[in-house]
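In what follows, a structure is listed as C-alpha cells, so that the remarks can point back to it.
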Number of protein chains: 2
Amino acid sequence: MPKCSEPAEREIDLLFQALADPSRRAMVDRLTCGPASVSELARPLAMSLPAVVQHLHLLEASGLVCTEKLGRVRTCSIESTALRTAEAWVAGRRTAWERRLDRLGDFLAEQTNKPEQESTQ
Amino acid sequence: MPKCSEPAEREIDLLFQALADPSRRAMVDRLTCGPASVSELARPLAMSLPAVVQHLHLLEASGLVCTEKLGRVRTCSIESTALRTAEAWVAGRRTAWERRLDRLGDFLAEQTNKPEQESTQ
DNA sequence: GTAATACTTAAGCGAATGCCTAAGTGTTCA
DNA sequence: TGAACACTTAGGCATTCGCTTAAGTATTAC
C-alpha cells in the first residue's frame, strides 16, 4: 500500500514524460500566463492541430493541465498541484544529496582538526 | 543568443527525459545515498547490465550523474546542479501561475468590497 | 599465465512516440 | 438552413526507446 504522501511511480512517470517534450513545455509555459483554448495553444507551435491535441491529452493524463469544454471551445489551464509534485520529487533528492555532502564536509573538517591522529593519506 | 541563466531547451529535454523512466529514477534515488559502481546500481534492477549502462549514459548526458573510472570499476555520483536546474524550471512555472491566481483573488475580493458597483453576473 | 571481474560494444527487435492527412462531430453565426 | 469554426477521431508511418543476447576489452586475483 503506497503512502498517499508519496505519489505513485506511474504518476511521476507521466509527469516527467509530459515535461520531457519542448512543445508540451511551451504549452505549459503559455498556460502559466493564463487559461487558453486549444487553438490558442496551437497557434505558436509548428504542427497540426491534431498533434497539439495529442500533446494536450498527455498533459491532462499527467495532471499538469485540466480542461473544460464549453460550447465548441475547450479551455485549458494549469494544475499547480502537479507542478508541486514534480518539484517535490526533485527537491527531495537534491536536499538528501546535499545533506550528505554537508555531513561529509563536517566529517573531513573534524578529521583535520585532530592532529594527534594520523590522517588516512 | 540564449541567456546563460536560462538553460537551453535541449538541456531541459534531456533532464526531464532522464527523470521520466522509473529505472533511471531508481538509480538517482540510490545515488542520493552515496556514490555507487555500475554493478551496485544494477543489482536491484530487473534487467541486464548493458541495459543499466544505457540508462547510465542517458543520466550522464542529462548531467544528473557524473562518473569516473578507476581500474575496472566506474563510480557514479549525483550532480546536484542538474537537479537544481530541473527544480528551478518547475518552480518558476508554478510560482508564476500561483502569483497569477493570487492577483485574481485580490481582484475578485476588491470587486466584492465595492457594493456601490454592480457585480458582473 | 589463467581465470574471474567489471564493464563495454554491437546488433537486433518489439513497443511506444510524435507527427501527418483525411474524415468525422458538435456549435455558432448569418 | 447552410457555412464557418473548434475541435475530435482514425489510420498510417518514420523514428526513438528499452530491452535483449553475444562478443568484446581492460583490470585484478590466483
Side-chain angles (χ1 to χ4, degrees), chain A residues 8-31 34-78 86, chain B residues 8-31 34-78 86:
Chain A
E9 279 296 284
R10 182 61 186 151
E11 192 184 332
I12 309 276
D13 265 30
L14 292 174
L15 263 176
F16 287 128
Q17 229 169 73
L19 292 175
D21 182 273
S23 305
R24 287 191 293 265
R25 284 200 308 279
M27 292 167 76
V28 168
D29 257 344
R30 164 63 188 82
L31 290 177
S37 71
V38 177
S39 317
E40 278 166 357
L41 283 182
R43 194 143 29 227
L45 301 176
M47 65 180 71
S48 68
L49 194 65
V52 172
V53 172
Q54 281 177 339
H55 283 306
L56 189 57
H57 285 333
L58 280 196
L59 287 170
E60 286 193 72
S62 75
L64 280 166
V65 167
C66 64
T67 74
E68 192 186 7
K69 192 157 186 178
L70 272 160
R72 63 185 171 183
V73 38
R74 177 175 298 278
T75 305
C76 315
S77 57
I78 288 282
Chain B
E9 280 295 284
R10 182 62 187 151
E11 192 184 333
I12 308 275
D13 265 30
L14 292 174
L15 263 175
F16 287 128
Q17 232 169 72
L19 293 174
D21 182 272
S23 306
R24 286 192 293 265
R25 283 199 309 278
M27 293 167 75
V28 168
D29 257 344
R30 163 63 189 82
L31 290 177
S37 71
V38 177
S39 318
E40 278 167 357
L41 283 182
R43 194 142 31 226
L45 300 176
M47 65 181 72
S48 69
L49 195 65
V52 172
V53 173
Q54 282 176 339
H55 283 305
L56 189 57
H57 284 333
L58 280 196
L59 287 170
E60 286 194 71
S62 75
L64 280 166
V65 167
C66 64
T67 75
E68 192 186 7
K69 191 157 186 178
L70 273 159
R72 64 185 170 182
V73 38
R74 177 175 296 279
T75 305
C76 316
S77 57
I78 288 281

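In what follows, every chain begins at residue 1, and chains take the letters A, B, ... in the order their sequences are listed.
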Worksheet item: With a non-hydrogen cut-off below 4.0 angstrom, is E40(A) in contact with a base, only sugar-phosphate, or nothing?
Response: nothing
Discussion item. Without decimals, in angstroms, what is the distance between D13(B) CG and dT15(D) P?
Written reply: 19 Å
Worksheet entry | Nucleotide nearest S48(A) (side chain, heavy atoms from C-beta), chosen from dG18(D), dC20(C), dC5(D) | dC20(C)
Worksheet item: Are S37(A) and dC7(D) close enough that a side-chain N or O sits under 4.0 Å from OP1 or OP2?
Response: yes
Worksheet item: What is the nucleic acid contact for A51(A), judged by heavy atoms within less than 4.0 Å: base, sugar-phosphate only, or nothing?
Response: sugar-phosphate
Worksheet item: For M27(B) and dC7(C), what is the distance between atoms CE and C1' respectively, to the nearest whole Å?
Response: 13 Å
Fill in: Sole residue of L41(B), L31(B), L64(B) in side-chain contact (heavy atoms from CB on, under 4.5 Å) with L59(B)
L64(B)
Practice prompt. Examine dT8(C): is either OP1 or OP2 under 4.0 Å from a nitrogen or oxygen in the side chain of R74(B)? Give yes or no.
Written response: yes
Worksheet, complete the sentence: By nearest-heavy-atom nucleotide on DNA chain C, the more 5' of G71(A) and A20(A) is A20(A)
Discussion item. As a test of reading the structure: which of dA4(D), dG18(D), dA29(D) is closest to the side chain of R72(B), going by heavy atoms?
Written reply: dA29(D)
Discussion item. I want to check one thing: is the phosphate of dG18(C), taken as OP1 and OP2, less than 4.0 Å away from some side-chain N or O of R24(A)?
Written reply: yes
Response to the item:
Closest heavy-atom pair, L19(B) versus R25(B), reported as atoms and distance to 0.1 Å, is O-NH1, 2.8 Å
Discussion item. Does Q54(B) contact dC19(D) through a side-chain donor or acceptor facing the base, at a distance under 3.5 Å?
Written reply: yes
Worksheet entry | Candidate nucleotides dG18(C), dA6(C), dC19(D), ranked by approach to the side chain of V73(B) - the nearest | dA6(C)
